[in-house]
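From a predicted model like this one, the values you see are computed outputs, not experimental measurements. Heavy atoms only: backbone and side chains are in, while hydrogens, waters and symmetry mates are out.
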Amino acid sequence: MRTPLIAAFLLVAAPALAQQQPRLGARTTSPEALVAQLNPASPEEEMSRLIAAADQHPLGTRENPVRVAGPDGERAYLARLHCPDGAAARIGARREAGVGPYGSVVGGYEVICGGAISIIVFDMYQEEHQETRAPAGFTLAP
């Protein structure tokens with residue numbers, strides 16, 4: 001009794017199921033439509049646009065992280081960082097700070113000057129860049 005019921009169900013449902021499944025190898029989008037979806041800007045142009053947008057925010061923030069080359073770049077930059085009074089900054093713990101404007105994970109360091117604690121955010125995935133500017137209120141030793 002069950003077998004005829006299942007067979008009848010499959011006969012009725014088969015056309016509906018066939019319509020829901022895309023045909024294997026069938027084109028879903030034309031090549032022209034795919035090319036139109038690509039970003040026409042070169043990677044250099046795109047990076048320049050992202051840098052210009054980030055520069056609208058204070059340096060050392062999540063929106064405009066200090067761009068350095070790896071953990072060594074972070075340490076080298078922090079070693080040159082000085083407080084407003086000229087004293088070397090004390091560096092505290094590093095924390096993840098989310099995703100930055102360049103699409104990579106950024107990290108923030110506690111920077112202690114006197115009794116004030118600031119957070120300076122870094123993007124260590126910028127191998128081609130060495131930052132020469134200091135965040136507001138700080139200076140960089142040569």
Evaluate the side-chain proximity of His129 to Ile51: yes if any heavy-atom separation is below 4.5 Å, no if none is.
-> no
So do the side chains of Arg95 and Glu110 get within less than 4.5 Å of each other, counting heavy atoms only?
->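 SC-SC contact between Arg95 and Glu110 confirmed.
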Nearest heavy-atom neighbours spanning Ile120 and Pro135 =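 Between these two residues, the closest heavy atoms are CD1-CG, 3.8 Å.
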List the atom of Ser104, the atom of Gln126, and the distance in Å for their closest heavy-atom pair.
->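 Closest heavy-atom pair between Ser104 and Gln126: OG-NE2, 4.4 Å.
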Write down the atom of Pro101, the atom of Glu63, and the distance for their closest heavy-atom approach.
-> CG-O, 3.4 Å
Validation row, ring centre Tyr102 to ring centre Tyr125 under 6.0 Å | no
Non-hydrogen side-chain atoms of Ile112 and Ile117 separated by less than 4.5 Å = yes
Provide the closest heavy-atom pair for Glu131 versus Leu140 in the form atom of the first, atom of the second, distance.
->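 That closest heavy-atom pairing would be O-CD1, 4.3 Å.
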Glu74-Tyr109 side chain donor-acceptor pair, cut-off 3.5 Å = yes
So do Cys113 and Pro84 actually touch side chain to side chain, heavy atoms under 4.5 Å?
->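 In contact.
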Neighbour count above 12 (heavy atom, 6.0 Å) for Arg94 CZ = yes
Verify the cluster assignment for Ile119 and Ile91: are they in a single hydrophobic cluster under the rule of side-chain heavy atoms below 4.5 Å apart?
->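 Different clusters.
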Working for side chain to side chain contact (heavy atoms under 4.5 Å, CB included), residues Val66 and Val121 = CA-CA 6 Å; Val66 175; Val121 179; over 6 Å; no
Within the side chain of Asp123, is there an N or O that forms a donor-acceptor pair under 3.5 Å with the backbone of Pro65?
->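 Pair absent, no side-chain N/O of Asp123 close to backbone of Pro65.
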Distance-minimising heavy-atom pair for Ala89 and Val111 =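 Heavy-atom minimum between the residues: CB-CG1, 3.5 Å.
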Is the count of non-hydrogen atoms from other residues, nucleotides or ligands lying under 6.0 Å from Glu127 atom CD greater than 12?
->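 Check passes, neighbour count above 12.
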Is Leu59 reachable from Met124 through a run of hydrophobic residues whose side-chain heavy atoms are each under 4.5 Å from the next?
->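 In one cluster: yes.
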Atom pair NE2 (His82) and OG1 (Thr139), whose distance is rounded to the nearest 0.5 Å =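 So the NE2 of His82 and the OG1 of Thr139 are separated by 6.0 Å.
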Heavy-atom closest contact (Phe138 atom, Cys83 atom, distance) |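 In terms of heavy atoms, the two residues are closest at CD2-CA, 4.2 Å.
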